[in-house]
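The next block holds one structure in the form of structure tokens; read it before the comments.
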Number of protein chains: 2
Amino acid sequence: MHLLELIKTIKKRREALQVTQEGLAALSGVGLRTLKQFESGKGNPTLSTLQKISDVLGMEVCLKIKNVKHTK
Amino acid sequence: MHLLELIKTIKKRREALQVTQEGLAALSGVGLRTLKQFESGKGNPTLSTLQKISDVLGMEVCLKIKNVKHTK
DNA sequence: ATATAAAGAGCTATAAAATGCACTATATTT
DNA sequence: AAATATAGTGCATTTTATAGCTCTTTATAT
């Protein structure tokens, strides 16, 4: 997942949960400014910031192997 | 995945591919110092740093929903 | 049309990430 | 034991993320 996908995922999830940026900022402990910057594509958040946001949205950051070909 | 898991995953993957920190730093464009700090648990890397490292190792950063209960 | 709520952006200060260099520690091999 | 390779750390600098405040933009509702 590249940056734009991550942003989109977060944003959609937040909206699906009907949380505002302000609400998410308060719940996650991340500054509102930081969250706004991130969602508007201006950001390069630290891992901890991304984790705080994800956690509140019921998501988690993970690492996946790319290009897994299933031998079927 | 919390920080320690991410670190462990990266480190194991790097070792499995028999790449040194120096090699990974060169390939990913991330500074050797940064990589060392990250692997030794001192870091809070930015997303872009994490992505550069992951990419070279054939992995990618992703977001997953937590606690998915499969209705079977 | 206007009030209200939510999101985006400029300016600024502070904290912290990224980086290089040099040194130390730890294996591993000869 | 000595040499070599790999990993970890202290120090210093530069860059950048975080954050708050204020203002603007945009959408929504009355």
Side-chain angles (χ1 to χ4, degrees), chain A residues 1-69 71, chain B residues 1-69 71:
Chain A
M1 267 177 128
H2 54 265
L3 180 58
L4 290 182
E5 279 181 284
L6 291 172
I7 294 174
K8 217 170 143 186
T9 302
I10 294 282
K11 198 165 183 168
K12 284 201 170 175
R13 177 78 175 167
R14 178 178 62 76
E15 285 165 351
L17 296 176
Q18 302 207 29
V19 183
T20 62
Q21 289 180 340
E22 212 167 310
L24 179 52
L27 288 168
S28 64
V30 169
L32 179 55
R33 190 62 222 275
T34 302
L35 185 59
K36 283 176 185 297
Q37 259 173 179
F38 173 62
E39 280 199 9
S40 60
K42 302 288 188 305
N44 175 29
T46 59
L47 177 57
S48 84
T49 292
L50 195 57
Q51 284 178 325
K52 283 179 202 163
I53 294 171
S54 303
D55 276 356
V56 169
L57 297 175
M59 308 183 80
E60 62 174 341
V61 177
C62 63
L63 288 173
K64 243 185 0 194
I65 308 274
K66 285 188 297 190
N67 299 326
V68 177
K69 301 224 170 141
T71 55
Chain B
M1 266 178 132
H2 53 267
L3 179 57
L4 290 182
E5 279 181 283
L6 292 171
I7 294 174
K8 216 169 141 186
T9 302
I10 293 284
K11 198 164 184 170
K12 284 200 170 174
R13 177 78 175 167
R14 178 178 63 75
E15 285 165 351
L17 296 176
Q18 303 207 25
V19 183
T20 62
Q21 288 180 342
E22 211 168 311
L24 180 52
L27 288 168
S28 65
V30 169
L32 179 56
R33 189 62 222 273
T34 302
L35 185 59
K36 283 176 184 296
Q37 258 173 178
F38 172 62
E39 281 200 8
S40 60
K42 303 288 189 306
N44 176 29
T46 59
L47 177 57
S48 83
T49 293
L50 196 56
Q51 284 178 324
K52 283 179 203 163
I53 294 172
S54 304
D55 277 355
V56 170
L57 297 176
M59 308 183 79
E60 62 173 343
V61 178
C62 64
L63 288 173
K64 244 184 2 195
I65 309 273
K66 286 188 296 190
N67 300 326
V68 178
K69 302 225 170 140
T71 54

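Labels below follow one simple rule: chain letters A, B, ... track the order of the sequence lines, proteins then strands, and each chain is numbered from 1.
- Between the CG atom of A:Leu3 and the C1' atom of D:dA17 there is a distance of 14 Å, given to the nearest Å.
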Polar atoms only, N or O, under 3.5 Å: list the protein pairs with nucleotides 3-7 of chain D and their distances.
from, atom 1, to, atom 2, distance (Å)
D:dA7, OP1, B:Arg14, NH1, 2.7
D:dA7, OP1, B:Arg14, NH2, 3.1
D:dA7, OP2, B:Gln21, N, 2.7
D:dA7, N7, B:Lys36, NZ, 3.4

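- The 12-atom threshold is not exceeded at CD of A:Gln18, counting heavy atoms of other residues, nucleotides or ligands nearer than 6.0 Å.
- Partners of B:Arg13 according to the side chain to side chain donor-acceptor pair (under 3.5 Å) rule, which considers only residues two or more places apart in sequence or in another chain, do not exist here.
- By the side chain to side chain donor-acceptor pair (under 3.5 Å) test, A:Glu5 is found to be paired with A:His2, residues two or more places apart in sequence or in another chain being considered.
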Please set out all donor-acceptor pairs under 3.5 angstrom arising from side-chain atoms of residues 54-63 of chain A, sequence neighbours excluded.
from, atom 1, to, atom 2, distance (Å)
A:Ser54, OG, A:Leu50, O, 2.7
A:Glu60, OE1, B:Met1, N, 2.3

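- An end-to-end axis angle of 50° holds for the helix from C:dA1-D:dT30 to C:dT30-D:dA1, taken from five base pairs per end and rounded to 10°.
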Protein and nucleotides 18-21 of chain C: nitrogen or oxygen contacts under 3.5 angstrom:
from, atom 1, to, atom 2, distance (Å)
C:dA18, OP1, B:Thr46, N, 2.9
C:dA18, OP1, B:Thr46, OG1, 2.9
C:dA18, OP1, B:Thr49, OG1, 2.6
C:dT19, OP2, B:Gly31, N, 2.9
C:dT19, OP2, B:Thr34, OG1, 3.0
C:dG20, O6, B:Arg33, NH1, 2.9

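- Between D:dG8 and B:Lys42, no contact under 4.0 Å exists linking OP1 or OP2 to a side-chain N or O.
- Between B:Leu3 and B:Phe38, the shortest heavy-atom distance links the atoms CD1-CE1, 4.3 Å.
- Every side chain to side chain contact (heavy atoms under 4.5 Å, CB included) that A:Lys12 has, sequence neighbours left out, goes to A:Lys8.
- Here the NZ atom belonging to B:Lys11 is positioned 11.0 Å from the CG atom belonging to B:Leu4, to the nearest 0.5 angstrom.
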Side-chain donor-acceptor contacts of residues 26-37 of chain B below 3.5 Å, not counting sequence neighbours, with atom names and distances?
from, atom 1, to, atom 2, distance (Å)
B:Ser28, OG, B:Leu24, O, 2.7
B:Ser28, OG, B:Ala25, O, 3.4
B:Ser28, OG, B:Val30, N, 3.2
B:Lys36, NZ, B:Gln21, OE1, 3.3

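- In this structure, A:Ile7 places its CD1 atom 10 Å from P of C:dG8, rounding to the nearest Å.
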- Task: Quick one: do A:Glu39 and A:Ile53 satisfy side chain to side chain contact (heavy atoms under 4.5 Å, CB included)? Show the steps, please.
- Result: CA-CA 11 Å; A:Glu39 280 199 9; A:Ile53 294 171; over 6 Å; no
- Note on the structure: A correct 5'-to-3' footprint of nucleotides 23-30 of chain C, with B, S and - meaning base, sugar-phosphate only and no protein heavy atom under 4.0 Å, is --------
